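Some notes on the structure that comes next.
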Amino acid sequence: MSDHHLPTSTPAALEARAALYQLIRHFFASRHVLEVELPLLCQHFVTDPFIQPVVAERNGRQAYLQSSPEYAMKRLLAQMPRCIYSLGKAFRDGESSRRHNCEFTMLEWYRVELDDRALMAEVAELVKAVVPDLAVNYLSYRDWFFNELGVDPHCATREELQTLGAQWIEINPDGLSKDDWLDLLITHRLESRLPQGLTFIYDYPVSQAALARIAPDATGQPVARRFEAFLNGMELANGYWELTDATELALRFTADQRRREELGLPYIAADERLLAAMKDGLPNCAGVALGVDRLLMQSLGLEHIQQVLTFSTARA
Amino acid sequence: MATYSINDFRTGLKVMLDGDPCTIVENELVKPGKGQAFNRVKLRNLATGRVWERTFRQTDSLEGADVMDRDMEYLYTDGEFWHFMDPDSFEQFAADAKAVADAAKWLREQDKCVVTLFNDAPLVITPPNHVELEVTETDPGLKGDTAQGGTKPATLSTGAVVKVPLFMNQGDVVRVDTRTGEYLGRASKD
């Protein structure tokens with residue numbers, strides 16, 4: 001007898017979700033951050049080589065369910081420079097695991113005139129409001145690697161990282177890049193050794209800047225002003241001190257497209273509407289996206305994301 | 001055989017890895033930050049029982065392994081091979097000592113076993129979870145070391161040695177769990 005008609009969560013988890021939404025809305029209302037609702041069905045999609053779209057069709061033309069409200073929010077910010085947040089669904093094809101569901105809930109917000117450091121502090125305040133007695137740690141990407149593995153991730157070569165990684169990771173190394181090895185060391189070694197509580201990792205390698213601006217750190221090393229928050233070892237949020245340079249954005253789109261081609265992935269056109277908005281001018285701001293389902297999992301002590309979803313994608 | 005991509009990997013799927021047939025125990029997607037997705041896969045080597053952990057990219061694939069579990073009846077051993085028969089087709093298979101391994105000490109003629117075939121040859125023999133075997137040798141009566149929890153060793157008709165209660169005697173039939181080698185109780189004689 002199949003149980004595929006049944007919900008994957010308990011009534012208690014549904015109540016916790018409803019309460020969390022109230023908390024989030026109150027948190028931002030009290031800080032005068034405006035809730036905005038963005039389109040899910042769009043003509044364009046991110047060029048990010050490692051985010052795959054759920055493709056739809058509209059009037060006989062291909063359209064995409066959005067993997068994040070980021071582009072739409074930046075287009076709003078360019079015309080309306082004020083702090084905004086979005087609490088809504090996002091879609092990423094092929095992502096299914098204990099921590100991933102193809103359709104998930106994302107909280108994304110932008111703070112005008114703040115940088116990544118100030119935004120990390122606000123993420124901590126929000127998470128503390130959900131998970132009481134939370135320890136908060138801050139660690140640069142470089143210190144994380146140096147303390148655990150004795151290497152400087154900005155300077156290390158692919159070969160050095162591969163030699164280190166081979167201690168814990170059995171994989172065919174052909175075609176793996178330096179960034180792949182940095183990621184593998186995180187998923188297979190560093191992540192599980194993070195302390196309990198909320199840990200911010202900041203100042204990412206320039207090669208992993210995504211849409212963060214690049215600036216020299218205290219040692220003069222150029223770093224991406226990007227951060228990730230881990231809650232009890234689980235990736236929870238990703239934020240940037242936002243890139244505002246439209247020319248640089250166009251270059252990053254092109255770099256993504258080249259990487260997609262190398263990997264044999266479908267071509268994704270650059271979103272010229274975002275580029276046009278960036279030319280109009282994105283205000284100086286910082287933005288972050290937070291996985292709401294994962295925050296619920298952690299606050300309830302649940303092991304599988306489906307336990308906080310009414311119906312997981314497999315049962316939807 | 002078919003080729004399976006990482007997204008087809010399901011628990012129980014049989015694939016070839018490094019020339020050995022394996023069964024997938026666990027397949028977990030890991031996707032760090034903005035990076036590429038990997039799959040951390042645990043596979044049990046069916047020939048050795050050892051569990052391997054390997055990491056694959058989403059574009060990787062593995063060849064399927066021609067492995068099948070079949071219920072068969074144990075016939076006899078000629079000293080070199082152990083012979084099994086499919087009771088439906090009457091097809092017979094000879095397993096070597098490597099395939100039979102520890103199962104040898106539980107095999108009683110006409111008992112039902114699971115024979116795992118790899119490319120149509122026995123790879124692993126799994127005895128029934130519970131077997132009933134006669135005690136062929138044990139110290140008589142209640143003599144025994146009570147410090148060992150009131151048990152004494154007994155040799156069974158197949159050669160297995162298990163710990164039995166002190167009151168068991170030669171000729172008694174015992175029920176044993178073959179997975180743990182533990183005595184479960186006295187069985188009535190046929």
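Fair warning: this is a prediction, and the values are worked out from it, not measured in the lab. Naming convention: chains lettered A, B, ... in sequence-line order (proteins, then strands); numbering from 1 in each chain. Worth knowing before you read on, the calculation uses all heavy atoms, side chains too, and leaves out hydrogens, waters and symmetry mates.
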Measure A/L176 against the heavy atoms of chain B and call it side chain, backbone, both or neither at under 4.5 Å.
both
Aromatic ring proximity, centroids under 6.0 angstrom, A/Y204 and A/Y141:
yes
Cut-off 4.5 Å, heavy atoms of chain B, and the answer for A/E191 is neither
Whatever's closer than 4.5 Å to a heavy atom in chain B on A/R226 counts as side chain
Heavy-atom distances under 4.5 Å only: say whether B/E28 touches chain A with side chain, backbone, both or neither.
side chain
Region of A/S177 in contact with chain B, defined by heavy-atom distances below 4.5 Å
neither
A/R92 CZ to B/K31 NZ distance, which is reported to the nearest 0.5 Å:
6.5 Å
Side chain, backbone, both or neither: which part of A/D48 has an atom under 4.5 Å from a heavy atom of chain B?
side chain
Counting heavy-atom pairs under 4.5 Å with chain B, the top scorer among A/D179, A/L182, A/L184, A/N238 is A/L184
Partners passing ring pair (Phe, Tyr, Trp, His ring centres under 6.0 Å) against B/F118 (at least two apart in sequence or in another chain):
none
Looking at CG of B/L117 and CE of B/M68, how far apart are the two atoms once the value is rounded to the nearest 0.5 Å?
6.0 Å
What part of A/E235 gets within 4.5 angstrom of chain B, counting heavy atoms only: side chain, backbone, both, or neither?
side chain
Counting heavy-atom pairs under 4.5 Å to chain B, which of A/N172, A/I51, A/I169 comes out on top?
A/N172
Shortest non-hydrogen pair, A/E108 vs A/A289, comes out as OE1-CB, 3.4 Å
Passing candidate, ring-ring contact (aromatic ring centres under 6.0 Å, His included) with B/Y74, options B/F84, B/F81, B/W106, B/F93
B/F84
Is a donor from one side chain sitting under 3.5 angstrom from an acceptor on the other, for B/Q36 and A/D183?
no
Angle between ring planes, B/H83 versus B/Y76, binned at 30° and 60°: parallel, tilted or perpendicular?
parallel
Of the listed A/Q208, A/R99, A/R98, the one with the largest count of heavy-atom pairs under 4.5 Å with chain B is A/R98
What part of A/I186 gets closer than 4.5 Å to chain B, counting heavy atoms only: side chain, backbone, both or neither?
neither
